[in-house]
2 protein chains.
Amino acid sequence: MKGRWETQLRKGVVELAVLAAIARGETYGYRIVEELRALPGLELTESTVYPVLTRLAGEGLLAIRAEDSPTGPTRRYYRLTADGTRRLQGMAAEWTRVTGSLKGLLEGGPQ
Amino acid sequence: MKGRWETQLRKGVVELAVLAAIARGETYGYRIVEELRALPGLELTESTVYPVLTRLAGEGLLAIRAEDSPTGPTRRYYRLTADGTRRLQGMAAEWTRVTGSLKGLLEGGPQ
DNA sequence: CCTTAGTACTACGCGATACATAGTAGCGGG
DNA sequence: CCCGCTACTATGTATCGCGTAGTACTAAGG
C-alpha cells in the first residue's frame with residue numbers, strides 16, 4: 001500500500017515511466033497500465049496512467065491510432081512523436097541529474 | 001529554471017534529500033538549504049526545505065537544538081532520531097526500487 | 001545613526017498531480 | 001441473461017514544491 005510519501009515520490013516519475021515504456025515500441029493503454037502496475041516502486045493504476053497519456057498526447061508527444069482488439073473493445077495504440085522522443089531525452093537527462101545527486105547524498109557518508 | 005514536470009518530480013524527493021543530508025552529521029537549516037540548492041537536479045529553496053524540516057521534526061524524525069551563530073542569528077541544528085534513521089532506511093529502499101524500475105524501462109530498449 | 005549585505009528563519013496562496021472511487025462499454029463463455 | 005476480463009473515462013481529495021513577501025541578527029561602511 002502506498003503511503004503519503006510514496007505518492008508524492010511518484011509525481012513526475014509517472015510521466016517519465018510512461019514515455020519510456022512507449023519508447024520501447026508502440027503499445028496500447030491497458031498494456032502500459034499492466035506493465036507499469038507490475039514494476040516495484042511504481043505500481044501505477046489506470047486513474048493515473050490514462051490521464052497522463054491524455055496529457056502527453058495533448059502536448060503532441062504521442063501519436064495515437066485505434067485498432068480492434070481480439071479480446072475486448074477497441075485498443076488505443078501509442079507511439080512517440082519526434083517531439084515526444086526529444087522530451088523523453090530531456091527528461092531522462094534530468095532524471096539522471098536528480099538520481100546522481102541523491103546517490104551522492106545517500107552514499108556520501110559523514111562529512 | 002524549473003518547469004512543471006521538474007517541480008512534480010521533486011515532490012517526495014525533497015524529504016529523502018533532507019534526511020540524507022542530515023544523516024551525514026548534525027547540521028543547521030541554512031546550511032542544508034545551501035547544500036541542497038547547489039545539487040544538480042535538486043536546486044532546493046528555503047520555502048521548500050524549512051517546511052520539510054518542520055514536518056519531519058513534527059513527526060519525531062529529527063532532534064533539534066539551538067546554538068548561537070558567530071555570523072548571524074541563532075542557528076537551529078538538526079540530527080536524526082532513531083525513528084528518523086529507520087525512516088530514512090525505508091525511504092532509501094523505496095527509492096532504490098523506483099530508480100531500479102526506471103532504469104529497466106529507460107535501458108530496456110525495444111521489447 | 002542609517003544602510004547594505006549576508007546569515008537564518010517564517011508564512012502563505014497557487015497550481016499540479018497521484019490516488020481511490022465509480023463508473024461505461026466490448027467480448028466470450030456459461 | 002450474468003459474469004469475468006479487457007479497455008477506457010471521469011471526478012473529487014489531499015498533498016506539497018514554488019514563488020513571493022516578509023522578520024530578525026550581525027558586521028561593515030558611510
Side-chain angles (χ1 to χ4, degrees), chain A residues 1-19 27-37 39 41-59 62 64-78 91 94 98 101, chain B residues 1-19 27-37 39 41-59 62 64-78 91 94 98 101:
Chain A
M1 196 61 251
K2 295 170 189 169
R4 172 188 68 82
W5 178 69
E6 285 84 357
T7 294
Q8 299 302 323
L9 187 58
R10 282 167 187 63
K11 291 184 177 176
V13 169
V14 182
E15 283 195 20
L16 180 59
V18 168
L19 285 173
T27 183
Y28 59 96
Y30 193 76
R31 184 79 189 78
I32 297 171
V33 173
E34 277 189 321
E35 196 178 330
L36 299 184
R37 184 194 293 121
L39 288 180
L42 291 186
E43 301 156 27
L44 304 180
T45 63
E46 296 96 328
S47 61
T48 295
V49 174
Y50 283 111
V52 165
L53 288 170
T54 303
R55 205 156 73 219
L56 296 176
E59 293 176 40
L62 305 179
I64 311 178
R65 69 178 178 89
E67 181 176 313
D68 284 348
S69 156
T71 56
T74 304
R75 287 170 175 164
R76 247 203 173 109
Y77 281 82
Y78 299 89
M91 287 165 74
E94 181 72 6
V98 170
S101 292
Chain B
M1 197 60 251
K2 295 169 188 167
R4 169 188 71 82
W5 178 70
E6 285 84 357
T7 295
Q8 299 301 323
L9 187 59
R10 281 170 189 62
K11 292 185 176 179
V13 170
V14 183
E15 279 194 24
L16 181 59
V18 168
L19 284 174
T27 185
Y28 59 97
Y30 193 78
R31 186 77 189 81
I32 297 172
V33 173
E34 277 189 318
E35 195 178 331
L36 298 184
R37 185 194 293 123
L39 289 181
L42 289 187
E43 301 155 24
L44 305 181
T45 62
E46 296 98 327
S47 62
T48 295
V49 175
Y50 283 111
V52 166
L53 288 170
T54 303
R55 205 155 74 218
L56 296 176
E59 291 177 41
L62 305 179
I64 312 178
R65 70 179 179 86
E67 182 176 310
D68 284 348
S69 154
T71 56
T74 304
R75 287 171 175 163
R76 238 191 181 126
Y77 281 82
Y78 299 89
M91 287 165 75
E94 180 72 6
V98 170
S101 293

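Letters go in sequence order (proteins before strands), and every chain restarts at 1. Not measured: the values here are computed from a predicted model.
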query = How does each nucleotide of nucleotides 21-30 of chain C score, in 5' to 3' order, for protein heavy atoms under 4.0 Å: base (B), sugar-phosphate only (S), or none (-)?
reply = B---BBS---

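Side-chain N/O atoms of B:Y50 include none lying less than 4.0 angstrom from OP1 or OP2 on C:dA11. Within the 4.0 Å cut-off from OP1 or OP2 of C:dA16, not a single side-chain nitrogen or oxygen of A:R55 is found. Between B:K11 and the phosphate of D:dG17, there is no side-chain N or O to OP1/OP2 separation shorter than 4.0 Å. Of the side-chain N and O atoms in B:R10, one or more sit less than 4.0 angstrom from OP1 or OP2 of D:dC18.
What separates CG of A:L53 from P of D:dT9 is a distance of 9 Å, to the nearest Å. Per the geometry, CH2 belonging to B:W5 stands 12 Å off P belonging to C:dA18, to the nearest Å. Across the protein-nucleic acid pair, B:E35 atom CD and C:dT7 atom C1' stand 17 Å apart, rounded to whole Å. In this structure, CG of A:L36 is placed 16 Å from C1' of C:dC19, rounded to the nearest angstrom. In this entry the distance linking OH of B:Y28 with P of C:dT7 reads 8 Å, nearest Å. Straight-line distance from the CG atom of B:L44 to the P atom of C:dC9: 16 Å, rounded to whole Å. Counting to the nearest Å, the C1' atom of C:dC14 and the NZ atom of B:K2 are 16 Å from each other. Note: OH (A:Y30) to P (D:dG4) measures 14 Å, nearest angstrom.
For the residue pair A:L42 and A:R10, the shortest heavy atom distance occurs at O-NE, 2.8 Å. Closest non-hydrogen pair, B:A66 versus B:T74, comes out as CB-CG2, 3.8 Å.
The residue among B:T45 and A:Y78 whose nearest nucleotide of DNA chain D is located toward the 5' end is A:Y78. Heavy-atom nearest nucleotides on DNA chain C were determined for B:Q8 and for B:R31, and the one closer to the 5' end corresponds to B:R31.
No engagement by B:E34 is indicated, since no non-hydrogen atom pair under 4.0 Å with the nucleic acid exists. Within 4.0 Å (heavy atoms only), A:V33 reaches no atom of the nucleic acid at all.
With sequence neighbours excluded, the residues that form a ring pair (Phe, Tyr, Trp, His ring centres under 6.0 Å) with A:Y77 are A:Y28. Every residue meeting the side-chain contact (heavy atoms from CB on, under 4.5 Å) condition with B:R55, not counting sequence neighbours, appears here in chain and number order: A:R4, B:E15, B:V52, B:E59. With sequence neighbours left out, the side-chain contact (heavy atoms from CB on, under 4.5 Å) criterion links A:T71 to A:S69, A:R75. Residues satisfying the side-chain contact (heavy atoms from CB on, under 4.5 Å) test with A:T7, not counting sequence neighbours, are A:K2. With sequence neighbours excluded, the residues satisfying side-chain contact (heavy atoms from CB on, under 4.5 Å) with B:A57 are B:L62, B:I64.
Among the nucleotides D:dG17, D:dT9, C:dC19, the one closest to any side-chain atom of B:T7 is D:dG17.
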